[in-house]
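Source: prediction; values computed, not measured.
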Number of protein chains: 2
Amino acid sequence: MRWRELGEEECSVARTVSVIGDRWTLLVLRECFLRTRRFEAFQERLGITRPVLADRLQKLVEAGVLERIPYQERPVRHEYRLTQRGLDLHPVMMAIVHWGDVHMAKDGHRPVLHRHRACGHQFDPVMVCSECAAPLQARDVTVEPGGRRGDAR
Amino acid sequence: MRWRELGEEECSVARTVSVIGDRWTLLVLRECFLRTRRFEAFQERLGITRPVLADRLQKLVEAGVLERIPYQERPVRHEYRLTQRGLDLHPVMMAIVHWGDVHMAKDGHRPVLHRHRACGHQFDPVMVCSECAAPLQARDVTVEPGGRRGDAR
DNA sequence: TCCGTTGAGTTTCTTTTCTGAACTGACTTT
DNA sequence: AAAGTCAGTTCAGAAAAGAAACTCAACGGA
């Protein structure tokens, strides 16, 4: 299987991975969620090489995750911003951060904490069932052949 | 920055990415959650090349995400199973699948559907705040310098 | 006993991708 | 006029991935 074919796979993981399943891409997205928007800023904050950064930003734009918007004329300069599609990756990032906090933190020290503006508290992200609101456990989830969401089954 | 250094970064995203931030690794994990356990099965289902599969499985074992357990003697054969640490990646996988379902599905057709054993319903995964149980929006989350979870701030 | 098969990898060689460092181009500032 | 800023591009060498064949230990049958 080549990477070009991945997006064609009949699997949502494969399709998503074809967009974000790359080390640098995930770190670029982290920066996006931290409000980084400009080429130089990404480069400096990540230490990524310029050619790879240019490539990843372009791919994210093609995938509709980022948009390239001019922020000045003379010379025209662009910045990269998350689209709604990109913002929808927030749960993925939160899940990744949380796993890192729990399993990779050095002696319980978390690099960053999250605060929920809506309630004002420091919080952890929790994945719950849309139907019963209970936290999901891997063992409680079964997989069935696909269809349209909402189809009676 | 080299990949070896990534795990040392003071960032939970970087540390997590150093473990799972690889295209094949994420697909291997998808298979693990679908109960695939043996080398040949991974290879066949994913179409991954053998050297890369051997490498990824070994790295996941080193990272404590999978364990290599003998399932027969003479000849000794091993299978790979998710550890608790690996099971804890479930929210990451669910978030990835869900994004793919919403944004990469071809005309609304989802490759698989999920059912929650606890409540019996088909569901979508939702990321909520551990404190107020409201669904999280990217814009409602602010980031603060780290500390130990629970520290008063 | 020899023969073919299975499972889990290795080896080898080629192709692709990444890194590092320098270079370009359009402007602005001093 | 020289130097600086931002957003890239170019290019050579290094690292990683892909394809295909090979290894090894043991089993199952004829």
Closer than 4.0 Å, any side-chain N/O of [X] to the OP1 or OP2 of [N]?
X: R77(B); N: dC24(D); result: no
X: Y80(A); N: dC6(D); result: no
X: W24(B); N: dG18(D); result: yes
X: R68(A); N: dG8(D); result: yes

- Query: Mapping P51(B) and V76(B) to their closest nucleotides on DNA chain C, which lands nearer the 5' end?
  - Reply: V76(B)
- Message: Does R74(A) contact dC27(C) through a side-chain donor or acceptor facing the base, at a distance under 3.5 Å?
- Response: no
- Message: When you measure from the side chain of W99(A) to the backbone of H90(B), do you find a donor-acceptor pair of N or O atoms at a distance under 3.5 Å?
- Response: no
- Looking for any heavy atom pair under 4.0 Å, which part of the strands does Y71(B) touch: base, sugar-phosphate only, or nothing? sugar-phosphate
Rounded to whole angstroms, how far apart are [atom1] on [X] and [atom2] on [N]?
X: E40(B); N: dT10(C); atom1: CD; atom2: P; value: 13 Å
X: I48(A); N: dT19(C); atom1: CD1; atom2: P; value: 7 Å
X: Q72(A); N: dC6(D); atom1: CD; atom2: C1'; value: 8 Å
X: D55(A); N: dC18(C); atom1: CG; atom2: P; value: 7 Å
X: R50(A); N: dT10(D); atom1: CZ; atom2: C1'; value: 13 Å
X: D22(A); N: dA17(D); atom1: CG; atom2: C1'; value: 14 Å
X: Q58(A); N: dT9(D); atom1: CD; atom2: P; value: 7 Å
X: R56(A); N: dT17(C); atom1: CZ; atom2: P; value: 10 Å

- Message: Hydrophobic cluster membership, with links at side-chain heavy-atom distances under 4.5 Å among I/L/V/M/F/W/Y: are M93(A) and V102(B) in one?
- Response: no
- Query: Is the centre of the Y71(B) ring less than 6.0 Å from the centre of the H78(B) ring?
  - Reply: no
- Task: Evaluate the side-chain proximity of V143(A) to L113(B): yes if any heavy-atom separation is below 4.5 Å, no if none is.
- Result: no
- Item | Parallel, tilted or perpendicular, as decided by the 30° and 60° cut-offs, for the rings of Y80(A) and F42(A) | perpendicular
